[in-house]
Amino acid sequence: MKELQFTRHRRLRHSENLRGLVRETHLQKEDLIYPIFVVEGENKRNPVASMPGVEQVSLDILIGEMQEVVNLGIKSVIVFGIPANKDELGTQAYHDNGIVQRAITKIKEHFPDLVVIADTCLCHYTSHGHCGIVEEGKILNDPTLDLLARTAVSQAKAGADVIAPSNMMDGFVAAIRLGLDEAGFDHIPIMSYGVKYGSAFYGPFRDAAHSSPQFGDRKTYQMDPANRAEALREAESDMLEGADFLIVKPALSYLDIIRDVKSNLNVPVVAYNVSGEYSMVKAAAANGWINEKEIVQEMLISMKRAGADLIITYFAKDVACWISEEK
Ligand code: PBG
């Protein structure tokens with residue numbers, strides 16, 4: 001008689017504690033980066049309709065908000081500014097007294113240990129909503145680089161700990177690295193949105209940051225979602241230009257890309273769990289169709305399993321809360 005032979009995988013799944021012992025991936029508070037939107041004005045808390053739970057806040061309210069974030073054990077935030085006035089050249093992006101510069105200085109004054117990351121782009125500051133200088137309907141690469149370097153330097157002067165350029169012009173990391181070094185900020189790291197796809201998942205963010213392009217789209221500078229090899233070319237050139245971290249964005253539909261970048265480049269990888277990924281979960285949860293807490297944890301774990309070291313997520317406060325409750 002032949003014996004039935006097979007492997008008993010279920011031996012390791014008997015109890016929660018046993019499953020905990022063999023768990024391969026963990027989500028920690030240290031993994032989380034929380035995005036915040038800062039607006040001009042006083043006593044402003046503008047809810048973002050397409051992102052329930054996300055608000056634009058004015059500077060006077062910001063510190064209370066940040067206190068909550070710090071109390072929850074979150075170690076890092078990424079700051080987006082929404083200026084009162086926009087113009088062709090996005091001058092408010094690199095104004096030393098701009099909204100994001102004032103926000104960064106204020107946060108660092110109150111919370112010197114919080115790692116403050118500055119998003120370095122022009123699209124929230126330009127009247128046309130593009131990430132670069134526009135001439136005759138074209139987005140110019142090289143003339144934009146100088147403005148990005150100026151933006152990064154003004155953010156570093158304001159006290160930013162990390163510069164995160166998201167603009168996707170060629171050479172943006174090189175230009176920003178040189179600008180920072182020349183201004184005496186050679187110790188400030190660059191977290192490059194090196195692998196950024198032209199994605200419909202950014203829709204709700206553009207409501208939050210008022211940054212929709214007023215004509216055309218971003219397809220001449222952001223990547224084609226159909227491309228995988230190109231992601232490594234983008235990532236490699238950013239590394240050569242001096243990036244210290246690489247962001248892959250969006251995250252959920254690009255887990256293969258996160259894995260590729262992690263396996264091929266020896267650098268901390270950041271997954272950006274973008275606005276559309278957030279809004280889809282929020283909408284389904286509001287309808288009672290999914291369990292929000294379980295879905296969010298599964299999504300974020302999948303990003304870490306794919307190779308992300310850090311995750312930028314609008315769910316950061318919720319996740320930090322859940323982690324505290326478990327302890
Ligand atoms: C700016 C920028 C965008 C996001 C972060 N920085 C939008 C865009 O490229 O249009 C999107 C973030 C999100 O959707 O959560 N370039």
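Values below: every heavy atom of this structure, side chains too, minus hydrogens, waters and symmetry copies. Atoms within a ligand are numbered from 1 in the order they appear, just like the ligands themselves.
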Distance filter under 4.0 Å to D119 heavy atoms, resulting ligand 1 atoms: 6 (N)
With V100, the side chain to side chain contact (heavy atoms under 4.5 Å, CB included) member among Y125, F80, Y94: Y125
Exam field: side chain Q101 to backbone A93, donor-acceptor pair closer than 3.5 Å: yes
Test ring-ring contact (aromatic ring centres under 6.0 Å, His included) applied to F205 and Y278, Y314, F37, the passing residue: F37
Identity and separation of the nearest protein heavy atom to atom 15 (O) of ligand 1: Y314 OH, 2.6 Å
Cluster overlap V54 with L59, hydrophobic side-chain contacts below 4.5 Å: no
Any M168 heavy atom less than 4.0 Å from ligand 1: no
Part of S275 within contact of ligand 1 (heavy atoms, under 4.0 Å): both
Flag for N17-S15: side-chain donor and acceptor within less than 3.5 Å: no
Ligand-side contact atoms (ligand 1) for residue partner C123, heavy atom cut-off under 4.0 Å: 1 (C), 16 (N)
Check: S324/K29 side-chain N/O donor and acceptor closer than 3.5 Å: yes
Those atoms of ligand 1 less than 4.0 Å from some heavy atom in K249: 2 (C), 3 (C), 4 (C), 5 (C), 6 (N), 11 (C), 12 (C)
Chi angles and distances behind the ring pair (Phe, Tyr, Trp, His ring centres under 6.0 Å) call for Y202, Y197: CA-CA 10 Å; Y202 309 148; Y197 286 89; 9.4 Å; no
Side chain, backbone, both or neither: Y272 near ligand 1, heavy atoms under 4.0 Å: side chain
Heavy-atom proximity to atom 13 (C) of ligand 1, best of Y193, F205, Y221: F205
Side chain to side chain contact (heavy atoms under 4.5 Å, CB included), paired with H130, selected from T144, N167, I139, D217: I139
Where ligand 1 meets C121 - atom numbers and elements under 4.0 angstrom, heavy-atom basis: 16 (N)
Residue R218 vicinity, atoms of ligand 1 by number, heavy atom under 4.0 Å: 8 (C), 9 (O), 10 (O)
D260 and V195: CA distance, side-chain angles, deciding distance, side chain to side chain contact (heavy atoms under 4.5 Å, CB included) verdict: CA-CA 11 Å; D260 281 350; V195 184; over 6 Å; no
Residue portion contacting ligand 1 (non-hydrogen atoms closer than 4.0 Å) for S166: both
Polar proximity ligand 1 side, R206 side, N/O cut 3.5 Å exclusive: yes
Sub-4.0 Å heavy-atom approach of K196 to ligand 1: yes
